[in-house]
2 protein chains.
Amino acid sequence: MTLDPTDKKLLLLLQTDSKRTTKELSIKLNLSVTAVYERIKKLEREGIIDKYVVLLDKEKVGKGFIVFCHLKLIQHTKDFLTIFESQVTQLPEVLECYHVSGDYDYILKIVVKDMKAYREFLVTKLTTLHHIGSTQSTFMINEVKNTTIVTI
Amino acid sequence: MTLDPTDKKLLLLLQTDSKRTTKELSIKLNLSVTAVYERIKKLEREGIIDKYVVLLDKEKVGKGFIVFCHLKLIQHTKDFLTIFESQVTQLPEVLECYHVSGDYDYILKIVVKDMKAYREFLVTKLTTLHHIGSTQSTFMINEVKNTTIVTI
DNA sequence: TCTGAAACATGCCAGGA
DNA sequence: TCCTGGCATGTTTCAGA
């Protein structure tokens, strides 16, 4: 499927604020309300628009401490990877987990309240998972940029 | 501000799907439509709910290649940091940028189409920024988990 | 694929418990 | 903080260009 410039503009607007009404969007895009409506429906049907969500202020809900954890497994058989991946997916503190190339196997993005909570997480949850070789934690000092907007 | 169990449940529901109507939410939470409406407005007013957005399928919009880039600056004076940070914020390929503790200064999450596009980005954009010491790229092999849901 | 209008659902605001 | 009720505003469908 090809996205024309109007689709791209529409997706940018929805990525910045999905609460805009179709009427508001129609004005910005010089289209009718129905035309905008149908474009959105098409993008949803095609799966280009994955979902509509609310983003919270992490600080205000007491999850402002972000840690990146680089992790190695002790073995790399398919079974080990599968088990580890299904376990790590269950952990709510882990927002993101990627299998990566390079010196370590996985990179995890973890959100908790503070250092104390992270220590607790590390000791009681992460390092109790099977097959974990080593971990290396990198702490966030400052969030410079954090967006979900993909520019097409 | 304190969040009661109903608020937490409401936030979880909105974080998974913000398109739910207040009517639908009222049924799930055993409240009236207005009560749900007022709780949501309160959460928006307080800034707990930061924003409503659409999330796209990165693969389908040709931005499925994710790279983590660890970066060092050549100097660490405040001016250098500020300039670098304002420049990196402008780059649409950089979804996230954190100032971190440890062996390097920044960790960047970058999305592009493929390896070729990444090379192009690295050569023409990232390494042309001032004061950059070294970069180290880690490529994603597989996305195990990627959520925006913060469990409170 | 677009427009415009009509039917339907939802959001939103009173007023009161 | 909650509820009931009603008006305003939104979404969605459909015929026609």
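By convention in this document, chain letters (A, B, ...) are assigned in the order of the sequence lines, proteins followed by strands, and residues within each chain are numbered from 1. Only a predicted model underlies this, so the values are computations on that prediction, with no experimental measurement involved.
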Grab the [atom1]-[atom2] distance between [X] and [N] for me, whole Å please.
X: I27(A); N: dT9(D); atom1: CD1; atom2: P; result: 14 Å
X: K23(A); N: dG4(C); atom1: NZ; atom2: P; result: 14 Å
X: L25(B); N: dC2(D); atom1: CG; atom2: P; result: 14 Å
X: L43(B); N: dT1(D); atom1: CG; atom2: P; result: 10 Å
X: L3(A); N: dT1(C); atom1: CG; atom2: P; result: 12 Å
X: E38(B); N: dG16(C); atom1: CD; atom2: C1'; result: 13 Å
X: I40(A); N: dT13(D); atom1: CD1; atom2: P; result: 13 Å
X: L10(B); N: dC2(D); atom1: CG; atom2: P; result: 11 Å

Picking from [options], which would you name as closest to the side chain of [X]?
X: L31(A); options: dC12(C), dT3(C), dC3(D); value: dT3(C)
X: T34(A); options: dG4(C), dT11(D), dT4(D); value: dG4(C)
X: V33(A); options: dG5(D), dT12(D), dT1(D); value: dT12(D)

Report yes if a side-chain nitrogen or oxygen of [X] is closer than 4.0 Å to either non-bridging phosphate oxygen (OP1 or OP2) of [N]; otherwise report no.
X: Y37(A); N: dT13(D); answer: yes
X: T22(B); N: dG11(C); answer: yes
X: R39(A); N: dT1(C); answer: no

| query | Checking only heavy atoms, does the side chain of T21(B) share a donor-acceptor pair with the base of dG11(C) at less than 3.5 Å? | reply | no
| request: Apply the test salt bridge (Lys or Arg N to Asp or Glu O under 4.0 Å) to residues K51(B) and D17(A): give CA-CA distance (whole Å), side-chain angles for both, the deciding distance (0.1 Å), then the verdict. | output: CA-CA 7 Å; K51(B) 51 183 176 172; D17(A) 181 6; over 6 Å; no
| message | Assess whether a salt bridge exists between K109(A) and E96(B), defined as any Lys/Arg side-chain N lying under 4.0 Å from an Asp/Glu carboxylate O. | response | yes
| said: For K41(B), is there an ion pair with E38(B) - N to carboxylate O distance below 4.0 angstrom? | reply: no
| K125(B), NZ atom: more than 12 neighbouring heavy atoms under 6.0 Å | yes
| task | Quick one: label K42(B) by what it contacts on the DNA or RNA (base, sugar-phosphate, nothing), any heavy atom closer than 4.0 Å. | result | sugar-phosphate
| message | Ring centres under 6.0 Å, that's the criterion: do F84(A) and H131(A) meet it? | response | no
| remark: Taking for R20(B) and for S32(A) the nucleotide of DNA chain C with the nearest heavy atom, the one nearer the 5' end belongs to S32(A)
